[in-house]
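Note that these values count all heavy atoms, side chains included, but never hydrogens, waters or copies made by symmetry. For ligands, and for the atoms within them, numbers begin at 1 and follow the listed sequence.
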Amino acid sequence: MVNLGIVGGTGYTGVELLRLLASHPEAKVKVITSRSDSGMLVADMYPSLRDHYPDLCFTEPDAATLAACDLVFFATPHGVAHALAADLLSAGTRVVDLSADFRLRDADEWSRWYGQPHGAPELLPQAVYGLPEVAREEIREARLIAVPGCYPTAVQLALIPLLEKKLITTQGIIADCKSGVSGAGRSAKVGSLYCETSESMKAYSVGKHRHHPEITQGLSQAAQEAVGITFVPHLTPMIRGIHATLYVRLKPEQQQLTNEELQELFETRYQNEPCVDVMPWESCPETRSVKGANICRIALHRPHDSDLLVVLAVIDNLVKGASGQAVQNMNIMFGLEESTGLKFAGLLP
Ligand SMILES: NC(=O)C1=CN([C@@H]2O[C@H](COP(=O)(O)OP(=O)(O)OC[C@H]3O[C@@H](n4cnc5c(N)ncnc54)[C@H](OP(=O)(O)O)[C@@H]3O)[C@@H](O)[C@H]2O)C=CC1
Ligand SMILES: CC(=O)N[C@@H](CCC(=O)OP(=O)(O)O)C(=O)O
């Protein structure tokens with residue numbers, strides 16, 4: 001049994017961890033923290049989890065209590081894991097951080113995008129970027145995991161097969177992405193109010209979103225050269241889900257590739273991946289089909305049989321984009337079957 005701590009248990013990704021771990025046969029949540037709701041029973045805040053966590057109570061975050069766990073998830077805003085991870089790691093506790101604290105390899109770049117000094121640059125050499133489809137072997141040995149962001153997960157899974165084989169032009173890629181409102185977290189913000197979001201859609205942080213360097217870092221690693229991408233996120237009137245539409249150009253010398261060959265490339269790349277579903281050619285995956293499930297569905301299109309490829313990818317931002325991917329990492333770290341406790345069927349057909 002793996003004994004777990006969750007820092008930030010009252011947020012959207014924190015409760016999603018609780019939901020997924022409730023049916024995990026090898027995991028037990030021992031500690032769950034909240035500063036504002038310390039003392040409250042989980043069962044009182046989340047009635048649907050009453051049967052699974054009858055006695056578990058939110059407590060103040062405390063390094064000594066958390067260090068008694070085998071692994072601690074950080075489901076907190078950026079900066080929190082910076083402050084606590086070193087103490088936990090030196091006590092032998094593994095850390096899986098859902099925030100962006102350890103995602104960028106360069107501390108100075110992190111500081112530029114996040115507007116504050118990096119709080120634990122000395123830990124960066126041991127941090128593993130936890131995208132299992134790319135780094136499974138490193139994850140097995142890791143003590144500190146940076147769980148990829150929601151948009152970066154969808155964009156990278158959609159483009160990696162093409163970049164690894166050097167089939168597309170690495171400059172001028174367009175990532176047109178939409179997110180549900182839960183991506184903004186559970187804390188009160190005018191921009192997340194029902195009246196502001198329920199019948200409206202808007203782009204935001206055009207060309208300057210903090211996921212830009214993370215996406216570029218991952219794609220450039222896959223391509224083994226610098227990738228140039230324009231990433232435009234949008235807020236859409238749904239609770240969960242990321243829909244990514246990627247526009248890429250085949251290199252001139254690759255334009256003879258047939259649609260069947262492109263489809264086969266994706267199917268082969270992901271044939272042993274339990275959390276990626278390559279759909280039939282010209283499918284249009286819906287976010288509802290991944291709701292609650294730790295899966296990324298991908299489909300390919302080639303309008304007018306030209307050099308333009310359109311890759312579509314959908315995930316649930318709270319599952320494959322955060323908590324599900326975190327549990328997937330935990331399973332790999334503890335030598336468990338990778339999909340243990342993860343519901344692939346999802347909540348909707
Ligand atoms: N929502 C999403 O779709 C995704 C989120 N993420 C990332 O996961 C992390 C959590 O996101 P989300 O669940 O949406 O956030 P929420 O705002 O919903 O929840 C944040 C949680 O952290 C706790 N918290 C806040 N400040 C501190 C602090 N200084 N010390 C300890 N605990 C603190 C809060 O409880 P309290 O204040 O009571 O302590 C709360 O439980 C973020 O870094 C986010 O960027 C990643 C991918 C997707
Ligand atoms: C809709 C919305 O606001 N989404 C969030 C991204 C999700 C998130 O929490 O970011 P991390 O993956 O970096 O942790 C945003 O754009 O800031």
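Regarding atom 11 (O) of ligand 1, its nearest protein heavy-atom neighbour is Thr13 OG1, 3.7 Å. Among all protein heavy atoms, the one lying closest to atom 42 (C) of ligand 1 is Thr76 O, 3.2 Å. Of the protein's heavy atoms, Thr10 OG1, 3.3 Å lies nearest to atom 35 (O) of ligand 1. Protein heavy atom in closest approach to atom 1 (N) of ligand 1: Ser182 O, 3.0 Å. In terms of protein heavy-atom proximity, atom 3 (O) of ligand 1 is nearest to Asn317 ND2, 2.8 Å. Summary of contacts: the protein heavy atom closest to atom 7 (C) of ligand 1 is Leu98 O, 3.5 Å. What sits closest to atom 19 (O) of ligand 1 on the protein, heavy atoms only, is Gly11 CA, 3.1 Å. Looking from atom 21 (C) of ligand 1 to the surrounding protein, the closest heavy atom is Ala75 O, 3.4 Å.
Cluster membership for Val327 and Val96, using ILVMFWY side-chain heavy atoms within less than 4.5 angstrom, is shared. Leu20 and Val31 end up in different hydrophobic clusters when Ile, Leu, Val, Met, Phe, Trp and Tyr side chains are linked at under 4.5 Å.
Between Gly183 and ligand 2, at least one N/O pair is under 3.5 Å apart. Here's the thing with His211: one of its N/O atoms is less than 3.5 angstrom from an N/O atom of ligand 2. Annotation: Ser36 places an N or O atom under 3.5 Å from an N or O atom of ligand 1; distance criterion only. Residue contacts with ligand 2: Ser99 is placed with no nitrogen or oxygen under 3.5 Å of a nitrogen or oxygen of the ligand (distance criterion only). Some N or O of Tyr204 is nearer than 3.5 Å to an N or O of ligand 2, by distance alone.
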Name the atoms and distances for all side-chain donor-acceptor pairs under 3.5 Å in residues 119-136, with sequence neighbours left out.
unit_1: Tyr129; atom_1: OH; unit_2: Gln156; atom_2: NE2; d: 2.9
unit_1: Tyr129; atom_1: OH; unit_2: Glu214; atom_2: OE2; d: 2.6
unit_1: Glu133; atom_1: OE1; unit_2: Lys320; atom_2: NZ; d: 3.3
unit_1: Glu133; atom_1: OE2; unit_2: Lys320; atom_2: NZ; d: 2.9
unit_1: Arg136; atom_1: NE; unit_2: Glu338; atom_2: OE1; d: 2.8
unit_1: Arg136; atom_1: NH1; unit_2: Glu273; atom_2: OE2; d: 3.1
unit_1: Arg136; atom_1: NH2; unit_2: Glu273; atom_2: OE1; d: 2.6
unit_1: Arg136; atom_1: NH2; unit_2: Glu338; atom_2: OE1; d: 3.4
unit_1: Arg136; atom_1: NH2; unit_2: Glu338; atom_2: OE2; d: 2.9

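The distance from ligand 1 to the heavy atoms of Gly321 drops below 4.0 Å at these ligand atoms: 47 (C), 48 (C). Applying the 4.0 Å criterion to heavy atoms of Cys150 picks out, from ligand 2, the atoms 6 (C), 7 (C), 12 (O). Under a 4.0 Å criterion applied to the non-hydrogen atoms of Arg186, ligand 1 contributes the atoms 16 (P), 17 (O), 18 (O). Counting atoms of ligand 2 from 1 in the listed order, those under 4.0 Å from a heavy atom of Gly180 are 1 (C). Interface atoms of ligand 2 facing Leu235, defined by a heavy-atom separation under 4.0 Å, are 1 (C). Near Gly8, the atoms of ligand 1 lying under 4.0 angstrom from a non-hydrogen atom of the residue are 21 (C), 22 (O), 23 (C), 41 (O). Residue Gly185 has at least one heavy-atom neighbour below 4.0 Å for each of these atoms of ligand 1: 14 (O), 18 (O). Near Leu318, meaning under 4.0 Å from any of its heavy atoms, are these atoms of ligand 1: 1 (N), 2 (C), 3 (O). Atom numbering of ligand 1 starts at 1 in the shown order; those under 4.0 Å from a heavy atom of Arg35 are 24 (N), 25 (C), 26 (N), 27 (C), 28 (C), 29 (N), 30 (N), 31 (C), 32 (N), 33 (C), 36 (P), 37 (O), 38 (O), 39 (O). Residue contact check: Ser99 has heavy atoms under 4.0 Å from atoms 43 (O) of ligand 1. The His209 neighbourhood of ligand 2 comprises atoms 15 (C), 16 (O), 17 (O), with distances under 4.0 Å to a heavy atom of that residue. Remark: ligand 2 atoms within the under-4.0 Å shell around heavy atoms of Ser179 are 1 (C). For ligand 1, the atoms closer than 4.0 angstrom to any heavy atom of Tyr12 are 13 (O), 18 (O). Heavy-atom proximity to Gly149, at under 4.0 Å, picks out these atoms of ligand 2: 12 (O).
Judged purely by distance below 3.5 Å, without hydrogens or angles, the side chains of Gln271 and Glu267 never pair a donor atom with an acceptor atom. When only modelled atom types and interatomic distance are considered, Asn294 and Gln325 share no side-chain donor-acceptor pair under 3.5 Å. With 3.5 Å as the limit, one finds no donor-acceptor pair spanning the side chains of Arg186 and Thr10. Between the side chains of Gln221 and Arg105, at least one donor N or O lies within less than 3.5 Å of an accepting N or O. One side chain, Ser182 or Asn317, offers a donor N or O that lies under 3.5 Å from an acceptor on the other. Looking at His118 and Asp106, their side chains never bring a donor and an acceptor atom within 3.5 Å of each other.
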Test log, rule side-chain contact (heavy atoms from CB on, under 4.5 Å), inputs Ile168 and Leu163: CA-CA 6 Å; Ile168 54 172; Leu163 290 168; 3.7 Å; yes
Test log, rule side-chain contact (heavy atoms from CB on, under 4.5 Å), inputs Leu18 and Ile32: CA-CA 9 Å; Leu18 282 178; Ile32 186 152; 3.6 Å; yes
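Taking a cutoff of 4.0 Å between a charged side-chain nitrogen and a carboxylate oxygen, Glu196 and Lys202 do not qualify as a salt bridge. In summary, Asp316 and Lys291 do not engage in a salt bridge, as defined by a charged side-chain N under 4.0 Å from a carboxylate O. We find that Arg35 and Glu60 are not joined by a salt bridge, their nearest charged nitrogen and carboxylate oxygen being 4.0 Å or further apart.
Counting heavy atoms under 4.0 Å from ligand 1, residue Ala184 does not touch it at all. The proximity of Arg103 to ligand 2, defined as any non-hydrogen pair under 4.0 Å, is limited to the side chain. Neither the backbone nor the side chain of Glu214 comes within contact range of ligand 2; no heavy atom lies under 4.0 Å. Here Val181 has no heavy atoms under 4.0 Å from ligand 2, in either its backbone or its side chain.
You'll find the ring centres of His78 and Trp113 outside the 6.0 Å limit. Aromatic ring centres of Phe231 and His209 lie closer together than 6.0 Å.
Here the NE2-CG distance, from His304 to Asp307, works out to 11.0 Å after rounding to the nearest 0.5 Å.
Assignment of Gly149 to the shell around ligand 1 is not supported, since no heavy atom sits closer than 4.0 Å. Ligand 2 lies less than 4.0 angstrom from a heavy atom belonging to Arg210.
In terms of heavy-atom proximity, Leu17 sits nearest to Ala75 at CD1-CB, 4.4 Å. Pairing each heavy atom of Val227 with each of Ser220, the nearest pair is N-OG, 3.1 Å.
Within 4.0 Å of atom 5 (C) of ligand 1, at least one protein heavy atom is present.
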